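Structure, as structure tokens:
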Amino acid sequence: LLRTCLVLLAFPIYLLSFLGMWEPLCRKVFFPFVFDKVRAIQDKKSEKHKLELFRNLPDFRSPSGELRLLEIGTGSGSNFQFYPSGCKVTCTDINPSFQESLTRNMKKNQHLHYERFLVAAGEDLHQVPSGSVDVVVCTLVLCSVRSVSSTLREVLRVLRPGGAFYFLEHVAAEHSSWKYFWQQVCFPTWKLIFAGCCLTRELWKDLEEAKFSELKVQHISLALPWTPIEPHIVGYGVK
């Protein structure tokens, strides 16, 4: 019943989707605008967790001393400030509409070397050679990829042996909680409006099933006001 009420409230968007007009409008205009606003709030709440998460990035430099980093779903580049000086960054995103805000953040973070920007989905990084990067970063992206397992396989492919995959993602709440109830209520409409974002993925299970030789996962709480998003996981896995 509550799901139906949400469908009625969002009926114009469902109609645009039926007519094939919502997805291009969402990707080019709505999602980049809203995501930048939400990301600003998220960044303030997650800053201390990101500082701690990326603190040991230099430990994964290659034997030559370089740190080659690939970010999946770079968006506007809000993670750049946490990367160590001299880091060589390859940016990827399925949505090229973030270019304007991404360029602004690149100019703010001149301590990095930006190698290239690839329009690519996390499940298909064929433009990146196998074993060619030291670190892969993915924050608030695994919720919206079409296949988490395929994305993690690509992560492991492009990482060199001994490289690391860093993540910070929102996940499903405890099944017995009211938060999970509201995630279930909002799920279909939320996924349509926010470019495929899934509220109920238990991503820690996918990470545990991937073939990382070492995996560190921490469950944290980062509540976004007036949304069913609160539980997150943060950590890294080593190939």
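Predicted, not measured: the structure shown is a model, and the values here were computed from it. Residue numbers start at 1 and run along the sequence shown.
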Counting the benzene-type ring for Trp, do F54 and Y166 have ring centres under 6.0 Å apart?
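F54 vs Y166: aromatic centres under 6.0 Å.
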
Centroid separation under 6.0 Å, is that true for the rings of Y14 and W22?
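Between Y14 and W22, which both carry aromatic rings, the centre distance is not below 6.0 Å.
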
Hey, could you give me the [atom1]/[atom2] distance between [X] and [Y], rounded to the nearest 0.5 Å?
X    : Y    : atom1 : atom2 : result
L57  : L69  : CG    : CG    : 6.5 Å
L203 : H232 : CG    : NE2   : 10.5 Å
I193 : C26  : CD1   : SG    : 9.0 Å
H170 : I220 : NE2   : CD1   : 12.5 Å
L1   : L6   : CG    : CG    : 10.5 Å

Going by atom types only, do [X] and [Y] share a side-chain donor-acceptor pair under 3.5 Å?
X    : Y    : value
S149 : S147 : yes
R153 : S150 : yes
N79  : T139 : yes

E154 bridged to R157 by N-O distance under 4.0 Å:
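Salt bridge present between E154 and R157.
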
I'd like to know if R61 pairs up with E66 as an ion pair, taking the criterion as any Lys NZ or Arg NE/NH1/NH2 lying under 4.0 Å from an Asp or Glu carboxylate oxygen.
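The answer is no: the pair does not qualify as a salt bridge.
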
ILVMFWY network linking [X] to [Y], side-chain heavy atoms under 4.5 angstrom:
X    : Y    : value
L207 : L140 : no
L199 : V171 : no
L224 : W190 : yes
F98  : F80  : no
F30  : I229 : yes

Could you tell me which non-hydrogen atom of C138 sits nearest to which non-hydrogen atom of E169, and how far apart they are?
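C138 and E169 have their closest heavy atoms at O-OE2, 3.3 Å.
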
I'd like to know if the side chain of [X] reaches the main chain of [Y], judged simply by a donor and an acceptor atom lying under 3.5 Å from each other, with no hydrogens or angles considered.
X    : Y    : value
N95  : R27  : yes
D93  : G75  : yes
S46  : Q42  : yes
K239 : L156 : yes
Q183 : P228 : yes
R160 : V135 : no
E230 : K179 : no
E209 : D206 : no
T74  : T92  : yes

Kindly assign one of parallel, tilted or perpendicular to the pair H175 and Y180, based on the angle between their ring planes and the thresholds 30° and 60°.
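Because their plane-to-plane angle is under 30°, the rings of H175 and Y180 count as parallel.
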
Should the pair F212 and F165 be assigned to parallel (<30°), tilted (30 to 60°) or perpendicular (>60°) ring geometry?
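Answer is parallel, since the angle falls under 30°.
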
Is any side-chain heavy atom of [X] less than 4.5 Å from a side-chain heavy atom of [Y]?
X    : Y    : answer
R68  : S62  : yes
L67  : P84  : yes
T90  : V133 : no
R201 : V145 : yes
H49  : L222 : yes
I72  : V136 : yes
T151 : L125 : no
V7   : P188 : no

Salt bridge (charged side-chain N to carboxylate O under 4.0 Å, His left out) between E52 and R55, intermediate numbers included:
CA-CA 5 Å; E52 178 62 24; R55 181 174 54 84; 3.1 Å; yes

Quick check: are there more than 12 heavy atoms from other residues, nucleotides or ligands sitting under 6.0 Å from [atom1] of [X]?
X    : atom1 : value
K50  : NZ    : yes
R3   : CZ    : yes
E115 : CD    : yes

Please identify each residue that fulfils side-chain contact (heavy atoms from CB on, under 4.5 Å) with E214, with sequence neighbours left out.
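Per chain and number, E214 pairs via side-chain contact (heavy atoms from CB on, under 4.5 Å) with K216, Y236, V238.
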
Out of E71, K88, H111, which one pairs with Y83 under the side-chain hydrogen bond (donor to acceptor under 3.5 Å, both in side chains) rule?
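Among E71, K88, H111, the one meeting side-chain hydrogen bond (donor to acceptor under 3.5 Å, both in side chains) with Y83 is E71.
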
